[in-house]
Amino acid sequence: RFKDAFMDIVSLLQSEDLLPPKRLGGIVCAAIIERSAHAKARVMACQIGLDCVEKTGLAGIGKRGVTSTAKMLSEETIPENRAAALDLMEVILSKMNGEIQRLARICGPKMSEKAREMVEERWLKRPPAPKQSFRAPSTDSQERDRSTPSRSEAPRDDRAENAGSQSVYY
C-alpha cells in the first residue's frame, strides 16, 4: 500500500544517519506544511516537525517552519490539521519560554488574530511545568572550596616530600 511505503520513507528520513532532525524539520517539514495540497501530508509534517523541535529546539524547524505553521493554523479548516498545527505551535512557544509577543512578532501577518488567541488559550490551559530545585552555582563552588584545602591553609613543600625518593626532576 501507498501508506506503508510512505511511512517507510518517513522513517528512513527520520533516521539521523541520513538527515539530522535540525535539517529535516527546517527543510522537509516546513516545505510540506507550506506547499502541500494534501491534508494528511501537512498533519504528518507537523507531527515530524514537533519531534524535531523537541529534539533540537527552535532550530529544528527554523523561522520558515514557524511562519508556515502560523499560516497553516490561521487558514486551516480541517480540525485534525488545525490541532496538529496548534500542537506544533505550543511546542514552539514552550521553546520560546512562553513569550507570545515574540512568537507573534516572528510570525507577523501570517498569524491571524484568531490563531494567536488559540495559541494563547492553549498555552494558558497547559499544566505548569514541575518545579525543579537547582542549587546555586556559588554553593557548589563553596562546597568544593571547603573539601579541598587552599594553598594558604596547607602549605606544601615538595622538596621535603621528594627528599627521600630516588627520582630527580629537572
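Starting from 1, each residue takes its place in the sequence as its number. Values in this document were obtained by computation on a predicted structure and should not be read as measured data.
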- prompt: Is there a side-chain contact between Leu50 and Glu54, using heavy atoms and a 4.5 Å cut-off?
  reply: yes
field: Ser68 vs Arg35 side-chain heavy atoms within contact, under 4.5 Å
entry: no
Ile106 side, atom CD1; Leu58 side, atom CG - distance, nearest 0.5 Å: 7.5 Å
message: Is any side-chain heavy atom of Leu24 closer than 4.5 Å to one of Cys52?
response: yes
task: Would you give the length of the straight line joining atom NZ of Lys63 to atom OG1 of Thr67, rounded to the nearest 0.5 angstrom?
output: 7.5 Å
- request: Taking all non-hydrogen atoms of both residues into account, name the closest pair between Ile32 and Ala41 and its distance.
  value: CG2-O, 3.5 Å
statement: Correct closest heavy-atom pair for Ile61 and Gly49 would be CD1-CA, 4.2 Å
query: Do Glu75 and Ser112 pass the side-chain contact (heavy atoms from CB on, under 4.5 Å) test, and can you show the C-alpha distance, the side-chain angles, and the key distance before you say yes or no?
result: CA-CA 8 Å; Glu75 298 174 352; Ser112 68; over 6 Å; no
- line: Applying side chain to side chain donor-acceptor pair (under 3.5 Å) to Gln101 and not counting sequence neighbours gives none
field: Shortest non-hydrogen contact from Gly26 toward Ala30
entry: O-CB, 3.4 Å
- prompt: Just how far is it from atom CZ of Arg116 to atom CD of Glu121, taken to the nearest 0.5 Å?
  reply: 14.0 Å
Under 3.5 Å, which donor-acceptor pairs do the side chains of residues 76-96 form with other protein atoms, sequence neighbours left out?
| from | atom 1 | to | atom 2 | distance (Å) |
| --- | --- | --- | --- | --- |
| Glu76 | OE1 | Arg42 | NE | 3.3 |
| Glu76 | OE1 | Arg42 | NH2 | 3.3 |
| Glu76 | OE2 | Arg42 | NH2 | 3.3 |
| Glu76 | OE2 | Asn81 | ND2 | 3.4 |
| Asn81 | ND2 | Ala39 | O | 3.2 |
| Arg82 | NE | Glu76 | O | 3.4 |
| Arg82 | NH2 | Glu76 | O | 2.7 |
| Asp87 | OD1 | Arg122 | NH1 | 2.7 |
| Asp87 | OD1 | Arg122 | NH2 | 3.2 |
| Glu90 | OE1 | Arg122 | NH1 | 2.9 |
| Ser94 | OG | Val91 | O | 2.7 |

message: For Ala45 versus Ile33, what's the shortest heavy-atom pair and its separation?
response: CB-CG1, 3.7 Å
query: What is the minimum heavy-atom distance between Ala70 and Cys107, and which atoms define it?
result: CB-SG, 3.5 Å
- prompt: Would Leu73 and Val66 show up in the same hydrophobic cluster when neighbours are defined by side-chain heavy atoms closer than 4.5 Å?
  reply: yes
Spacing of Thr69 atom OG1 and Lys110 atom NZ [to the nearest 0.5 Å]: 10.5 Å
- prompt: Any salt bridge between Arg64 and Glu34, counting N to O under 4.0 Å?
  reply: yes
Rounded distance (nearest 0.5 Å) linking atom CD1 of Ile100 with atom CE of Met111: 9.0 Å
